[in-house]
Amino acid sequence: MQAAPAGGSVRIATWNVNSLKVRLAQVLQFAASASPDVLALQETKLTDDRFPVAEIEAAGYRAVFSGQKTYNGVALLAREELQGVTTELPGAPDPQRRWLAATVSGVRIIDVYVPNGESVGSEKYAYKLGWMERLREAIAAELARHPQLVVLGDFNVAPEARDVHDPKEWEGQVLFSEPEREALRRIVALGLHDVFRRFEQPEKEFSWWDYRMNAFKRNRGLRIDLILASDALAARCTACHIDKQPRRQERPSDHTPVIADFA
DNA sequence: ATGGTGGCGCGGCCA
């Protein structure tokens with residue numbers, strides 16, 4: 001057994017911000033109001049030299065990040081020290097910045113931006129499924145070393161029918177196709193728990209809505225932003241919810257934050 | 001309906 005976690009209770013959140021440059025003020029506002037101890041960001045779309053370190057430090061957070069120009073990019077903001085940082089999904093070199101891991105307050109945090117996959121059968125879809133299999137292998141290795149572990153981020157897969165506004169319309173489509181759901185189930189089967197589903201939740205609760213066709217107003221969304229905790233960490237989970245407020249703001253990200261509390 | 005909206009960056013790609 002490892003030593004007991006150092007920090008006690010921890011609030012952990014994830015948010016695909018779709019450009020940190022555009023969304024910085026919203027991120028700082030969210031950090032101030034929700035006050036997460038750890039905030040995992042995806043789609044920062046910033047090279048590391050442009051990361052807003054000063055603004056984030058002024059808000060009381062440390063930051064590590066792995067970015068690139070225009071696309072992708074992940075970051076971890078934390079109140080406490082971030083140790084053992086890695087920026088590469090093991091298995092094959094990949095210029096796409098989609099993985100960021102660090103240990104904070106005794107919890108191993110793995111922030112992921114799973115590929116979108118474009119459409120079923122496309123080259124990007126094959127890349128997505130391959131990436132998810134490499135992710136499964138990487139998580140298995142991390143779990144062997146870190147019993148207190150969370151994998152969170154934009155998985156670009158809705159796990160179940162109840163995570164989709166219209167499962168019949170989405171059946172077989174990218175983000176809800178059976179091979180993607182199977183790849184996600186294989187990851188969860190390592191011994192992880194989708195902590196959102198460990199608590200009673202409202203019906204039709206989603207984390208992403210397309211910008212087009214008033215999808216948010218009509219609640220035509222998907223739950224594709226997930227917080228997956230190991231057995232030992234899930235046992236400490238006291239709450240998980242989706243915060244829709246940022247999606248209602250002017251110029252929002254198409255995703256909204258998911259927040260989990262651990263005792 | 002191969003549309004539609006948004007970000008990046010200034011044409012076309014990506015989501």
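Below, chains carry the letters A, B, ... as their sequence lines are ordered, and counting in each starts from 1.
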Quiz item: Mind checking the P distance from B/dG9 to B/dG4? Whole angstroms is fine.
Solution: 24 Å
Quiz prompt | Touch class at under 4.0 angstrom, heavy-atom based, for A/Phe216 against every strand present | solution = nothing
Practice problem: Measure from the side-chain N and O atoms of A/Ser122 to the backbone N and O of A/Ser119, and report whether any donor-acceptor pair falls under 3.5 Å. | Solution: yes
Quiz item: Applying side chain to side chain donor-acceptor pair (under 3.5 Å), which residue pairs with at least one partner in residues 55-64 of chain A are found, sequence neighbours left out?
Solution: A/Tyr61-A/Arg79
Exercise. Let me know the distance between CD of A/Gln68 and P of B/dA15, rounded to the nearest Å.
Key: 10 Å
Quiz item: Please give, in whole Å, the distance from B/dA15 P to A/Asn16 CG?
Solution: 11 Å
Quiz item: Just by distance, with hydrogens left out, do A/Asn116 and A/Tyr125 show a side-chain donor and acceptor under 3.5 Å apart?
Solution: no
Exercise. Tell me which of A/Pro115 and A/Arg23 sits closer to the 5' end of DNA chain B, going by the nucleotide each one is nearest to.
Key: A/Arg23
Exercise. Using whole Å, report how far CD1 of A/Ile224 lies from P of B/dA15.
Key: 12 Å
Quiz item: Which ILVMFWY residues are connected to A/Phe206, directly or by a chain of links, through side-chain heavy atoms under 4.5 Å apart?
Solution: A/Trp209, A/Phe216
Self-check item: Gap between atoms NZ and C1', on A/Lys69 and B/dC8 respectively (whole Å)
Solution: 8 Å
Quiz item: Which pairs with one or both residues in residues 247-263 of chain A pass salt bridge (Lys or Arg N to Asp or Glu O under 4.0 Å), sequence neighbours excluded?
Solution: A/Arg11-A/Asp261
Practice problem: Remember a base hit wins even if backbone is also touched, and classify A/Arg98 as base, sugar-phosphate or nothing at under 4.0 Å, heavy atoms. | Solution: sugar-phosphate
Self-check item: Contact nearer the 5' end of DNA chain B, comparing A/Asn72 with A/Pro252
Solution: A/Pro252
Exercise. Check whether the side chains of A/Asp231 and A/His193 place a donor and an acceptor atom closer than 3.5 Å, and report yes or no.
Key: yes
Exercise. Decide, yes or no, whether a salt bridge links A/Glu160 with A/Arg185 under the criterion of side-chain N to carboxylate O below 4.0 Å.
Key: no
Exercise. Please state how far atom NZ in A/Lys45 lies from atom C1' in B/dG6, giving the value in whole angstrom units.
Key: 8 Å
Quiz item: With sequence neighbours left out, what residues match A/Phe51 under ring pair (Phe, Tyr, Trp, His ring centres under 6.0 Å)?
Solution: A/Phe65
Quiz item: Closest to the A/Lys21 side chain: B/dG7, B/dA15, B/dC8?
Solution: B/dC8
With the criterion being N/O to N/O and under 3.5 Å, what pairs connect the protein with nucleotides 10-13 of chain B, and how long is each?
| from | atom 1 | to | atom 2 | distance (Å) |
| --- | --- | --- | --- | --- |
| B/dC13 | O2 | A/Tyr71 | OH | 3.4 |

Quiz item: What's the spacing between A/Tyr113 OH and A/Arg97 CZ if we round to 0.5 Å?
Solution: 14.5 Å
Exercise. Starting at atom CD of A/Gln96, determine the distance to atom C1' of B/dA15, rounded to an integer number of angstrom.
Key: 12 Å
Quiz prompt | Pairwise P distance for B/dC10 and B/dA1, with rounding to whole Å | solution = 36 Å
Quiz item: Pick from A/Asn16, A/Asp243, A/Ile227, A/Ile12: which one makes a side chain to side chain contact (heavy atoms under 4.5 Å, CB included) with A/Val258?
Solution: A/Ile227
Quiz prompt | Length of the line joining A/Asn18:CG and B/dA15:P, which is rounded to integer Å | solution = 11 Å
Quiz item: Can you tell me how far P of B/dC8 sits from CZ of A/Arg50, to the nearest Å?
Solution: 11 Å
Please list, pair by pair, any protein nitrogen or oxygen found under 3.5 Å from a nitrogen or oxygen in nucleotides 3-5 of chain B.
| from | atom 1 | to | atom 2 | distance (Å) |
| --- | --- | --- | --- | --- |
| B/dG4 | O6 | A/Arg212 | NH1 | 3.4 |

Quiz item: Taking the same atom, P, in B/dT2 and in B/dG11, what whole-Å distance lies between them?
Solution: 27 Å
